[in-house]
Amino acid sequence: MPNIKLPDGNIITFEKKVTGLKIADKISKSLSKQALVISVDGNLKDLNFEIENDCSVKIHTSKDKEGVETIRHDTAHVLAMAVQELFPGTQVTIGPVIENGFYYDFARNEPFTQKDLQKIEKKMKEIIERDEPTHREVWEREKAIEHFKKAGEIYKAEIIKSIPKGEEVSIYFHGKWHDLCRGPHLTSTGKVGKYFKLTKVAGAYWRGDSKNEMLQRIYGTAWPSQKELDEYLNRIEEAEKRDHRKLGKEMDLFHFREESPGSVFWHEKGWTLFQKLIEFMRIKQKHAGYKEINTPEILDRSIWEKSGHWEKFGQHMYTSTTPDEKIFAIKPMNCPGCVQIFNQGLKSYRDLPLKMSEFGKVHRYEPSGALHGLMRVRAFTQDDAHIFCTEDQITDESLSVTNLILEIYKDLGFSNVILKYSDRPEIRVGDDKVWDKSEAALLKAVKASKLEYSVNKGEGAFYGPKIEFVLRDAIGRDWQCGTLQVDLNLPERLGASFVDKDGSKKIPVMLHRALFGSLERFIGILIENYAGKLPFWINPLQVIVIPVSSEFDDYAKKIYNKISSIGLNCEVDLKNHNLNYKIREHSLSKVPILLICGKKEVDSHTVTIRQLDSTKQENMEVRKFLEIYSALNKAPSI
RNA sequence: GCCCUUGUAGCUCAGCUGGUAGAGCAAUUGAUUUGUAAUCAAUAGGUCCGCGGUUCGAAUCCGUGCGGGGGCACCA
């Protein structure tokens, strides 16, 4: 006589054991139609799972995350069914739900083509129409292993072997086709619906390990309705339109070429943007008490050996041999150089905290497959800084770094920031007592920031704990940008010390921090966040002056000179094109302000302003325009 | 690095099963002097990514190298 407690608190009593399907029936017809899975005391179960004891349940429909995920999981199964029907001999491996969809990894000698995907989709729809009923069986381990081995499903057999002893080995059937699976699943393939799409094929290592063989992964997306599917596909399309590689070309900011894969050729406009960001940072960092330095790009091998980079990071380092056979490395990080500046001359405790910033260009030999536009490059500029301080100063300094980062992000339009805190990894250097102290100090700063944070256990650097700053962009994507790391190792390795109050020599703590992380990457993020329509103050081409006809060229030039002289990035377009053409051209290249001058403007000594994405025109005295827009030509917080 | 895919004019792309290349935009020149998202015409523009092979003949087929894209691994 199970008593079933519903989410609204009501209790329904059944005479004998009961399934989720029956409970839904009892509640309402519409619920029983929409029901997909059920939570029984918080555990997700199939709708025909038999409930014998008292419990509380929640029946999930496509309106819940659980319901949608089950649809996706079942779609993955249907995908595997279709593939095995169409391509006998293909082995199945795993097929989990991911954000917005699912994938399934297959082992097959021939590659799947784009055409195959269409064929598979068609077959999937057939299977859904066949409405194969689902049922679940629990098998004995050895029997299951034998069964899958015999069926030529080597990977499945291996998965079963790795299921912890004591855990059930459940097999799901959809008609005759069956697969090892934890479940839960819909009651039949017909429940899946047809609102799915296979999106891409890709390679993926078996068990995610690059030492293993490569499988073929088919990605797909699935939704409860056509509308949601279309919306999702639209979102993808919109994101593609923002792609910084495409916009960077269209806006004439930068390009890449074969001679230096993963390194940026910055064009004038892109470089102006780059320099504007640096100028902005210089002001903010000066206020925050940083001293800017600069260290060599190329340093002798010996310092990299001392710092540990040669051993730990050598794989990613560019080296260079001189004609006289000396080996130098091109810096992959700025820290050793900075420590050498600290080491020059005697430092006192009175000098601490000493904050040295550097816009340092570093080179790292990244694997070719990792490169991606500005987001992942082989040569990039860090807005780096190293703070030398005492252990007691870690919390305050970390907090002031956090505040600086938040201010800077906010100025650039990102106010949604979360933190990731990582503590000691298994392989590390230094005494556990020192770790205790530095972790506590850093965590205190994290908490004091009052930001949302997550803890990544064991993911700190080998030399100390770290925080990563993650910002969310306009279309909801997260980007890891800033980082703050406590370093208890490098200062000692490179012989840094200061004279303490009592006259003794002590080793300082070093904080590594970067705000944007990489200027290149951050510019990529900015472009995508704003879809190329950069805020006025950071825009590398702010104003274009357009005469209505060549008769007004002189006036336009005069205006252009005035605007340039107050430090705005301005151009004048004297080309032999009509007004409509010029407006279209410059609007497409996303210039925020177009100034139109004709007879009217010359007579009244005004300009007519046309803002990007607005057809409204505003006529204004030249003097007033200069006043307003020179005030707008700086960061909001400055 | 690994799997798949891709490389034609400055850009975006067409070029079927092998017969040495074409469009639109941009550029140049000329005409036009224009009031808020494409004025007209003419001209010029190519080592079809590199190397090798098959073939009477290769942008096209094969091999290989390099680059791009989608993933995986990597992101110290």
Side-chain angles (χ1 to χ4, degrees), chain A residues 98 103 105-114 116-117 199-219 240 243 245-246 249-250 252 255-262 307-309 311-317 332-333 335 362 364-373 375-378 380 425 427 459-463 466 468 480 483 485 512 517-518 521 546-553 574-589 591 594-601 608-619:
Chain A
I98 51 172
Y103 66 76
D105 285 350
F106 299 98
R108 175 176 179 244
N109 288 335
E110 276 75 31
F112 291 113
T113 64
Q114 209 58 38
D116 290 337
L117 288 194
T199 49
K200 54 197 166 198
V201 261
Y205 295 109
W206 164 237
R207 300 211 143 145
D209 188 334
S210 60
K211 287 196 273 300
N212 291 340
E213 59 275 33
M214 183 135 306
L215 306 171
Q216 292 188 67
R217 176 172 296 178
I218 297 180
Y219 281 95
E240 274 166 16
D243 191 313
R245 292 166 298 187
K246 183 174 164 275
K249 204 185 267 175
E250 283 172 15
D252 192 20
H255 82 278
F256 290 92
R257 53 175 47 238
E258 281 194 27
E259 294 94 330
S260 190
S307 70
H309 286 90
E311 189 204 342
K312 301 254 176 204
F313 203 66
Q315 296 283 67
H316 301 272
M317 282 161 69
M333 296 187 199
C335 22
V362 295
R364 300 180 183 180
Y365 193 72
E366 300 286 353
S368 58
L371 302 179
H372 181 92
M375 303 304 192
R376 193 82 182 269
V377 285
R378 283 182 175 153
F380 61 98
I427 301 164
E459 300 212 350
F462 69 92
Y463 46 73
K466 67 175 179 187
E468 275 150 353
Q480 189 177 302
T483 167
Q485 305 173 1
H512 304 244
S518 140
R521 186 155 188 266
I546 306 174
V548 168
S549 76
S550 56
E551 196 186 323
F552 311 106
D553 280 5
L574 304 179
K575 282 201 282 285
N576 185 11
H577 280 133
N578 66 28
L579 183 59
N580 279 340
Y581 182 92
K582 291 181 183 182
I583 286 175
R584 178 180 154 82
E585 188 191 12
H586 301 309
S587 298
L588 286 175
S589 75
V591 178
L594 300 180
L595 291 183
I596 317 294
C597 331
K599 184 164 185 338
K600 202 168 74 190
E601 287 76 14
T608 296
I609 304 170
R610 186 191 207 278
Q611 296 207 37
L612 183 58
D613 285 340
S614 158
T615 45
K616 223 171 65 193
Q617 299 158 42
E618 192 184 355
N619 189 260

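Note that the coordinates shown come from a computational prediction; the quantities given were computed from them, not determined experimentally. Computed from heavy atoms alone, side chains included, the values below leave out hydrogens, waters and symmetry copies.
- Taking atom C1' in both B/A76 and B/G68, one finds a spacing of 27 Å when rounded to whole Å.
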Contact list (N/O, under 3.5 angstrom) for nucleotides 45-48 of chain B vs protein:
none

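- Expressed to the nearest 0.5 Å, how far CE of A/Met317 lies from NZ of A/Lys312 amounts to 14.0 Å.
- Note on A/Lys599: a base of the nucleic acid sits closer than 4.0 angstrom, heavy atoms only.
- Nucleotides B/G63 and B/U54, compared at atom C1', are 10 Å apart to the nearest Å.
- To the nearest angstrom, P of B/C4 lies 14 Å from CD of A/Glu213.
- Taking A/His512 as the reference, A/His386, A/Tyr463 meet the ring-ring contact (aromatic ring centres under 6.0 Å, His included) condition, with sequence neighbours excluded.
- A/Thr113 comes within 4.0 angstrom of no nucleic acid atom, judged by non-hydrogen atoms across all strands.
- Applying the side chain to side chain donor-acceptor pair (under 3.5 Å) rule to A/Arg207 yields the partners A/Ser162; only residues at least two apart in sequence or on another chain are considered.
- Across the protein-nucleic acid pair, A/Arg257 atom CZ and B/G67 atom C1' stand 12 Å apart, rounded to whole Å.
- Between A/Phe112 atom CZ and B/C3 atom P the separation is 17 Å, expressed in whole Å.
- Here, B/U29 and B/G15 have their C1' atoms 30 Å apart, quoted to the whole Å.
- When both distances must be under 3.5 Å, the Watson-Crick or G-U wobble mate of B/C11 is B/G24.
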Could you pull out the protein-nucleic contacts involving nucleotides 9-12 of chain B (nitrogen or oxygen on both sides, under 3.5 Å)?
{"residue": "B/U12", "atom": "OP1", "partner": "A/Lys249", "partner atom": "NZ", "Å": "2.9"}

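- Atom C1' of B/G65 sits at a distance of 30 Å from the matching atom of B/G22, rounded to the whole Å.
- Within the nucleic acid shown, A/Leu588 comes within 4.0 Å of at least one base atom, counting heavy atoms only.
- In this structure, A/Leu215 and A/Asn580 both approach RNA chain B, and ranking their closest nucleotides by distance from the 5' end singles out A/Leu215.
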List, with names and distances, any nitrogen or oxygen atoms from the protein found under 3.5 Å away from nitrogen or oxygen atoms belonging to nucleotides 26-29 of chain B.
{"residue": "B/A26", "atom": "OP1", "partner": "A/Tyr581", "partner atom": "OH", "Å": "2.4"}

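- The local environment of CD in A/Glu213 is crowded, with over 12 non-hydrogen atoms from other residues, nucleotides or ligands closer than 6.0 Å.
- The gap from the P atom of B/A26 to that of B/C72 amounts to 40 Å, rounded to the nearest Å.
- Checking B/C48 for Watson-Crick or G-U wobble geometry (two distances, each under 3.5 Å) identifies no partner in any strand.
- As the counterpart of B/G67, B/U6 is assigned, both hydrogen-bonding distances of the Watson-Crick or G-U wobble pattern falling under 3.5 Å.
- A search for ring-ring contact (aromatic ring centres under 6.0 Å, His included) contacts involving A/His316 returns A/Phe313, not counting sequence neighbours.
- What separates CG of A/Asp116 from P of B/C3 is a distance of 19 Å, to the nearest Å.
- Look at B/C72: its Watson-Crick or wobble partner, with both distances under 3.5 angstrom, is B/G1.
- Distance CZ/A/Phe106 to CG/A/Leu215: 10.5 Å, rounded to 0.5 Å.
- Summary of the strand contacts: A/Tyr365 and A/Val548 both lie near RNA chain B, and taking for each the nucleotide with the nearest heavy atom, the more 5' one is attributed to A/Tyr365.
- Per the geometry, CG belonging to A/Leu595 stands 18 Å off P belonging to B/G35, to the nearest Å.
- We find the CD-CG distance between A/Glu601 and A/Leu595 to be 9.5 Å, quoted to the nearest 0.5 Å.
- For A/Ile583 and B/A37, the CD1 to P distance is 6 Å, given to the nearest whole Å.
- Rounded to whole Å, the P atom of B/G19 lies 29 Å from the corresponding atom of B/C4.
- As rounded to whole Å, 12 Å separates atom P of B/U5 from atom CG of A/Leu117.
- Between the side chain of A/Thr615 and the base of B/U36, no donor-acceptor pair of N or O atoms lies under 3.5 Å.
- Applying the salt bridge (Lys or Arg N to Asp or Glu O under 4.0 Å) criterion to A/Glu585, with sequence neighbours excluded, gives no partner residue.
- Here the separation of B/U36 from B/G30, taken at their C1' atoms, is 27 Å to the nearest Å.
- Remark: P of B/A37 and NZ of A/Lys616 are 16 Å apart, rounded to the nearest angstrom.
- Surrounding NZ of A/Lys246 are more than 12 heavy atoms belonging to other residues, nucleotides or ligands, all under 6.0 Å away.
- A/Arg245 contributes no side-chain N or O that, together with a main-chain N or O of A/His372, makes up a donor-acceptor pair within less than 3.5 Å.
- Here B/U33 is the nucleotide among B/U36, B/C66, B/U33 with the atom lying nearest to any side-chain atom of A/Ser549.
- Rounding to the nearest 0.5 Å places CZ of A/Arg378 at 13.5 Å from CZ of A/Arg364.
- Partners of A/Ser587 according to the side chain to side chain donor-acceptor pair (under 3.5 Å) rule, which considers only residues two or more places apart in sequence or in another chain, do not exist here.
- Counting only heavy atoms from C-beta outward, the side chains of A/His586 and A/Ile546 approach each other to under 4.5 Å.
- Taking A/Tyr205 as the reference, nothing meets the ring-ring contact (aromatic ring centres under 6.0 Å, His included) condition, with sequence neighbours excluded.
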Nucleotides 68-76 of chain B: protein proximity per nucleotide (B base, S sugar-phosphate only, - neither; heavy atom, under 4.0 Å) = SSBBBBBBB
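- Scored by the side chain to side chain donor-acceptor pair (under 3.5 Å) test, A/Lys582 finds no partners at all (sequence neighbours excluded).
- Remark: A/Asn109 pairs with no residue by the side chain to side chain donor-acceptor pair (under 3.5 Å) rule, at least two apart or across chains.
- Among the protein residues, A/Glu601 comes within range of the nucleic acid bases, having at least one heavy atom under 4.0 Å from a base atom.
- At the phosphate of B/U39, OP1 or OP2 sits under 4.0 Å from a side-chain N or O atom of A/Asn578.
- Other residues, nucleotides and ligands place more than 12 heavy atoms under 6.0 Å from the CD atom of A/Glu259.
- In a base pair of the Watson-Crick type (N1 to N3 plus N6-O4 or O6-N4) or a G-U wobble (N1-O2 and O6-N3), with each distance short of 3.5 Å, B/U55 is matched with no nucleotide.
- With C1' as the reference atom, B/C13 and B/G46 are 15 Å apart, rounded to whole Å.
- Pairing for B/U29 is with B/A41, a Watson-Crick or G-U wobble pair whose two hydrogen-bonding atom distances lie under 3.5 Å.
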